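Take a look at the structure below.
Note that this is a predicted model, so its numbers are computed, not measured. In what follows, chains are A, B, ... by sequence order, proteins preceding strands, each numbered from 1.
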Amino acid sequence: MTTGAATGWATPAPARRGTTARVVLDSPLPQLDHLFDYRIPDGLAAEAIPGVRVTVPLRSAGRVARGYIVETVDASDGFDGELSPLDSVVSAVPVLTPEVWALARKAADRAAGGAGDILRLAIPPRQVRVEKVWQRAQEESPAVSSPPDAPEIDGYGSALADLLAGHQRIALDVIPQVVQLESGTWVGRWAVTIAQAAARTVAAGETAILVVPDYRDSDQLFAALSEYLPPDRITRVDASQPNADRYRAFLDCLTDIPRVILGNRSAVYAPAKSLGLLTIFDDGDPLYSEPLAPYVHARDAALIRQQQSGAALVLAGHTRSADAQRLVDIGWLDAIGPERAKAPRVVITAKADHEDAVAVTARIPSMAWRLAKEAIASGPVLVQVARPGYAPVVACGTCASAARCRTCAGPLRIASAGAAPSCTLCGAIAAGWVCPTCEGTKLRLVTRGTGRTAEELGRAFPGVPVLISDGERQVTAVEGKPALVIATRGAEPVAAGGYAAVLLLDAGRMLAAEHLRIGEDCLRWWSNAAALARPGAPVVLTGVTGDLARALATWTQPAFAHAELLDRRALRFPPAVRAASVSGDAAAVAEALAEVRDLPGASILGPTPADDGVRAILRLDYGQAGEAARLLRGAVVRNATKRRKAPQGKAGYRPPPTLKVRFDDPEILS
DNA sequence: AGCACGCCGACT
DNA sequence: GTCGGCGTGCTC
């Protein structure tokens, strides 16, 4: 049997191996979320080391659960029954490192959730063949590239490099530009800045974890990293990878070789030997909000990991999230920007005059129109719209009431040019639609998606190619030639040389969405698009004035975030306070809330009826949130252990909903 | 979850 | 008397 110590990838064997293994189970059940002690049988003594996957008996023979050895000890403390023996060691690779275990435990505790749920994000499913090949390769001690040179970080003098070398925590304002790499690829300047910082970390013999919202950002950053680092120093850990690739990348992260680990939100949990830098790009992006229990936001996980590891932390973006701003305001993060300010040229137009404009230009104010016409001769023009599709919302052409589906009353849309209207929810075709209010038969397009916008603009600019980039058909890069690029917010391609003009066409409509975070989101969408313009090119904001327009025009996003945070403080909304939703059976919710209602500064909204039970919102000062999470977790465990099945004979009985606690629930702000 | 243990109604 | 119903609680 090979042991890890011989091949360099295992945790060093302790001087004296314990006789007892403390095991975390791979289970979502709250009542099993603690360590279980097992006797290590003689036959497994060599393999049963911390971090390995094991199977263990649970309650009765024949029933086995999967888990990981967290530590080995000599005597079990706190449990004085007879220990069962470990069932088996699944694999010799110690996949759960002590650092990741500490992170998972703390992140779960902070969110009133289970560590096992975090581990499922942190450790990909095992792929036996991949693991065998990888183990063999490790035993042959593969050649490692020599450490790279440390590049300068352009645009920040020595300030940023000094802060990183001192492992500081930073809110970084990136430079809103596109640049061409030596490979010829054009990327956002942010990617180069982060790549340079990461390369310096690797040159110093440490590992950097770089987290980005999605694969488009990942591709840009990967291209930039490749300018500074050899391929064996860059490991991509995307959840969209095939399982085999994902597991291979994960295993590579376990080695001692300092590297850059690049990936989406779950990359914050990647194992890393001597972590020196952790960056999150555009931390306001909702993709960082984990949709799986216990719903830990990648930013929060990063903050915990920074504290535990002492690595440098960078929250970078064209905008500052209110959450990052709070950390700046309390002195937890140092705010740093470029040496020389480089703001895009933002042109604000008054509200579009819909009354006397011709149909084709209805959404486009004359100034925007003129600037686009001028610009298109010299290069691509980006048109940002709110929605994909053709006509996502339609209404009666006569009385203007919203058009609804006859079957399910869902809203109707027109999916493509010339298509019959269909239901957004059930998909039913609404041929021969008649307005139930006024009996009109004509439909009016209330909103125009990418498709309809492309059609309209294509007609207005004959001979100019029109490209569409939205959620379904994503274009990642366009050439520097005249073209109209119609994109939904967040799906804008990078243009070679930058866009000759950027039209933020549906700004007013985007801002009208009912969401307390909408101002922050809009500024982020617009700023990210503006950063794709070439120097001096006009960025036209239509239909929006006021603080938000001023923040974009003067490129003072941190000031906007600060003002936003003051508003939230006055209202006691996140992130000025921490909030959690508590939902489930009315009695269970009441019992859970009774535990926390007397904590200093706690306040409760509700409970209000919610699907199959009730839901309440709990607001807490940050200092009390940890204690609240502990108390609520206790309530969840008690609820889980006493929940019972239907009494026999009662047909149609539904068991009461389980008690759920969700900290930092994004729906609280909607 | 899944399984054993335990305390009240119909049975040989 | 005891067989077995399912409500209750635990899992190292």
Side-chain angles (χ1 to χ4, degrees), chain A residues 14 16-45 47-90 94-96 98 101-102 104-105 108-109 112-121 123 125 292-294 583-585 587-588 591-592 595 612-613 632-661:
Chain A
R16 187 174 50 147
R17 279 219 177 101
T19 55
T20 302
R22 313 206 71 202
V23 172
V24 56
L25 300 179
D26 180 14
S27 164
L29 296 174
Q31 60 274 45
L32 301 185
D33 180 29
H34 59 86
L35 298 183
F36 287 80
D37 293 349
Y38 289 90
R39 183 168 54 77
I40 302 175
D42 291 344
L44 295 179
E47 300 156 73
I49 59 170
V52 296
R53 293 178 209 263
V54 290
T55 58
V56 293
L58 199 59
R59 180 91 176 139
S60 62
R63 214 181 132 220
V64 291
R66 295 146 40 79
Y68 306 89
I69 297 182
V70 166
E71 57 179 346
T72 57
V73 292
D74 277 328
S76 172
D77 58 331
F79 183 77
D80 36 65
E82 196 190 329
L83 300 185
S84 296
L86 284 178
D87 185 73
S88 70
V89 172
V90 174
V95 290
L96 176 58
W101 166 248
R105 185 66 273 167
D109 288 345
D117 286 331
I118 303 276
L119 293 182
R120 214 159 302 126
L121 301 173
I123 304 173
L292 298 173
S583 60
D585 171 63
E591 200 183 316
E595 297 262 352
D612 204 22
L632 291 171
R633 182 65 175 169
V636 169
V637 171
R638 260 175 283 129
N639 178 261
T641 51
K642 79 171 183 221
R643 190 173 91 257
R644 282 306 88 181
K645 286 202 271 257
Q648 228 210 358
K650 268 210 204 170
Y653 173 88
R654 299 232 302 283
T658 52
L659 182 65
K660 287 203 187 80
V661 176

**Request:** Report the distance from atom CD of Gln31(A) to atom C1' of dG2(B), rounded to the nearest whole Å.
**Result:** 11 Å

**Request:** Report yes if the side chains of Leu25(A) and Val56(A) come closer than 4.5 Å at any heavy-atom pair, otherwise no.
**Result:** yes

**Request:** Starting at atom CD1 of Ile69(A), determine the distance to atom P of dC12(C), rounded to an integer number of angstrom.
**Result:** 16 Å

**Message:** Rounding to an integer number of Å, can you tell me how far Phe36(A) CZ sits from dC12(C) P?
**Reply:** 7 Å

**Prompt:** Would you say Arg120(A) has more than 12 foreign heavy atoms packed within less than 6.0 Å of its CZ?
**Reply:** yes

**Message:** Tell me the interatomic distance from Tyr38(A), atom OH, to dC12(C), atom C1', rounded to whole angstroms.
**Reply:** 5 Å

**Request:** Give the rounded distance in Å between these two atoms: NE2 of His34(A) and C1' of dC10(C).
**Result:** 9 Å

**Fill in**
Arg63(A) CZ to dG2(B) C1', in whole Å, measures 4 Å

**Fill in**
In whole angstroms, the gap separating P of dA1(B) from CG of Leu32(A) amounts to 10 Å

**Request:** Would you kindly give the CG-to-P distance between Leu29(A) and dC12(C), to the nearest whole Å?
**Result:** 14 Å

**Prompt:** So how far is it from Arg638(A) CZ to Leu659(A) CG, rounded to the nearest 0.5 Å?
**Reply:** 9.5 Å

**Asked** Quick one: are Arg105(A) and Asp33(A) in side-chain contact, heavy atoms under 4.5 Å?
**Response** yes

